[in-house]
Amino acid sequence: MKLSQYFLPVLKEVPAEAKIISHQLMLRCGMIKQTTAGIYSWLPLGFKVLKKIEEIVHDEQIKAGHIPMLMPTIQPAELWQESGRYDDYGKEMLRINDRQDRNYLYGPTNEELITDIFRSNVSSYKDLPLTLYHIQWKFRDELRPRFGVMRGREFYMKDGYNFDLNEKEAINAYNRHFVSYLRTFNRIGLQAIPMRAETGPIGGNYSHEFLVLANTGESKVFFDKTLLDLDTGQGKLDYYQNTDIEKVVERFTKPYARTEDTHDENLFLEVPEDRRIESKAIEVGQIFYFGTKYSEPMKAFVVSPAGKRVPVHMGSHGIGVSRLVGAIIEASHDEKGIIWPEPVAPFFAGLINLNYRDEECIKVCDQVYEELGSNGIEILYDDTDERPGSKFAKMDLIGLPWQIVVGPKGLKEGKIELVYRRTGEATLLTLGELLEKISTAHKALLEV
RNA sequence: CGGGCUAUGGCGCAGUCUGGUAGCGCGUUCGUCUGGGGGACGAAAGGUCGUGAGUUCAAAUCUCGCUAGCCCGACCA
């Protein structure tokens, strides 16, 4: 993409209404524009990042054997009356009437809708286990939206729902989500710590939240430092080898890790003092097992192997996709701007032409741009006639992983400068070396 | 929902107390110079001062209502 043909309205100054760094940077980078309280338009750069995160979330869900679909944003009140949540949910739910004065709502979550789909199509244990999910806009009418997309009223969320014959099977699904979520956050470039959580309005018996440490986070967390060293292991996982998956979950749930809501000071004090960490964190995902809370009232039954009609056991699981954009920035920025983790960067590299009136510069830039572009590498080429200083500042601000700097000075020596945004490390390379290095780095990114 | 604050050009702000020609910086446009870290000089465009009513010869400025946004708390992916 050539910058001269793109839509990237960057701001030099910090808008007054933005208080936390991710919100400020998203506005300054021209990623979002607030439309009204807690509701944002996603401008091209922000939209690209949102879609990259979404792709990774999809990929990991599909690896775990879960099936993508799409449900609507507007739902009929009747379904929520069946589950009893139409009254329970309160003012957070945006209620809407149509021209016939029928009652609708803008979905804050989809348990009722998915249960309705399930019950009208599945009636045998033979169709289980089943996990369906979608990534869709949600709306919760927060009293006080703030922090940009981190706590908007409208938000983009992956939500999934598992249907199983019994509790044991449903716990397998729970564990599958547990592990796939860890992998998802890792791929996005975040370390998320699973913590025991309250079940809230979703209800149920088991729940874990996944939290990313950040001092601007809204949750207070207490955990054992050893959690920071755990990983889910390398390579492919067979999500249906239940005991293998269970072992991973056990490793992650053994050390103490709780949010303020479930924190138990006495248990925490059993953690050796040098391993106790108290921090602020951002919640980026949550998983629930709630048994038959919805299947019983909504009559989602299947016939068991013994020939009896039994309510299905369910769980639900969410990842805040739009919130993740903010969370990533909170976790990865410096005083100059954003530093995108490579898998979610809106472009893989930025190409800076330091003198757009120099024919040699133009020629070399065009070559780099075409060569990398034809290999499927996304490049943002600053081909504008601005001065070098503002080009550098802009590129640092939007935080693309690599910066390719082409200027008359370097070209005299036959060299192009390559800067790695995260470290600021700069190397002078020939055109051939540069193309090779970027291509290699890009290939490594694809091998997940 | 309780408490506090704000609303003036695209962005950041001054002007309001003490009523009297709407201003500054950044950005934008044009020109000249400049060209490796948000450059210089010159010219220009752009504002019903959130909104409605009131007081007054006169309102960005005073009074009352409304709306929107921000902050602290409670609540939440």
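For the numbers below, each heavy atom of this structure counts, side chains included, while hydrogens, waters and symmetry mates do not. The sequence lines fix the lettering, A, B, ..., with proteins before strands; numbering per chain opens at 1. Only a predicted model underlies this, so the values are computations on that prediction, with no experimental measurement involved.
- With A:E142 as the fixed residue, the salt bridge (charged side-chain N to carboxylate O under 4.0 Å, His left out) test singles out one of A:R153, A:K91, A:R151: A:R151.
- Remark: A:P255 engages A:D224, A:T226, A:L227 in a side-chain contact (heavy atoms from CB on, under 4.5 Å) (not counting sequence neighbours).
- Going from the C1' atom of B:rG39 to that of B:rG73 covers 48 Å, rounded to whole Å.
- Under the 6.0 Å cut-off for aromatic ring centres, A:H317 and A:H66 do not qualify, their centroids lying 6.0 Å or more apart.
- The side-chain hydrogen bond (donor to acceptor under 3.5 Å, both in side chains) contacts involving residues 400-420 of chain A comprise A:E342-A:Y420, A:D396-A:Q403, where partners must be two or more places apart or lie in separate chains.
- Residues satisfying the ring-ring contact (aromatic ring centres under 6.0 Å, His included) test with A:H313, not counting sequence neighbours, are none.
- Listed by chain and residue number, A:W42, A:K51 satisfy the side-chain contact (heavy atoms from CB on, under 4.5 Å) test with A:F47 (two or more places apart in sequence, or in another chain).
- Identified under the side-chain hydrogen bond (donor to acceptor under 3.5 Å, both in side chains) test for residues 19-30 of chain A, with sequence neighbours left out: A:S22-A:E330.
- Residues from residues 410-430 of chain A that place a heavy atom under 4.0 Å from any atom of RNA chain B, listed by number: A:G410, A:E417.
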List every contact pair, protein side and nucleotides 1-11 of chain B side both N or O, where the distance is under 3.5 Å.
from, atom 1, to, atom 2, distance (Å)
B:rC11, O2, A:E13, OE1, 3.2

Distances under 3.5 Å between nitrogen or oxygen atoms of protein and nucleotides 39-41 of chain B:
from, atom 1, to, atom 2, distance (Å)
B:rG39, N9, A:R387, NE, 3.3
B:rG39, N7, A:R387, NE, 3.0

Can you name the atoms? Protein N/O to nucleotides 42-45 of chain B N/O, anything below 3.5 Å, with the distance.
none

Distances for protein N/O vs nucleotides 30-32 of chain B N/O pairs under 3.5 angstrom?
none

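- Remark: A:R144 engages A:R146 in a side-chain contact (heavy atoms from CB on, under 4.5 Å) (not counting sequence neighbours).
- Remark: A:D385 engages A:Y356, A:R357 in a side-chain contact (heavy atoms from CB on, under 4.5 Å) (not counting sequence neighbours).
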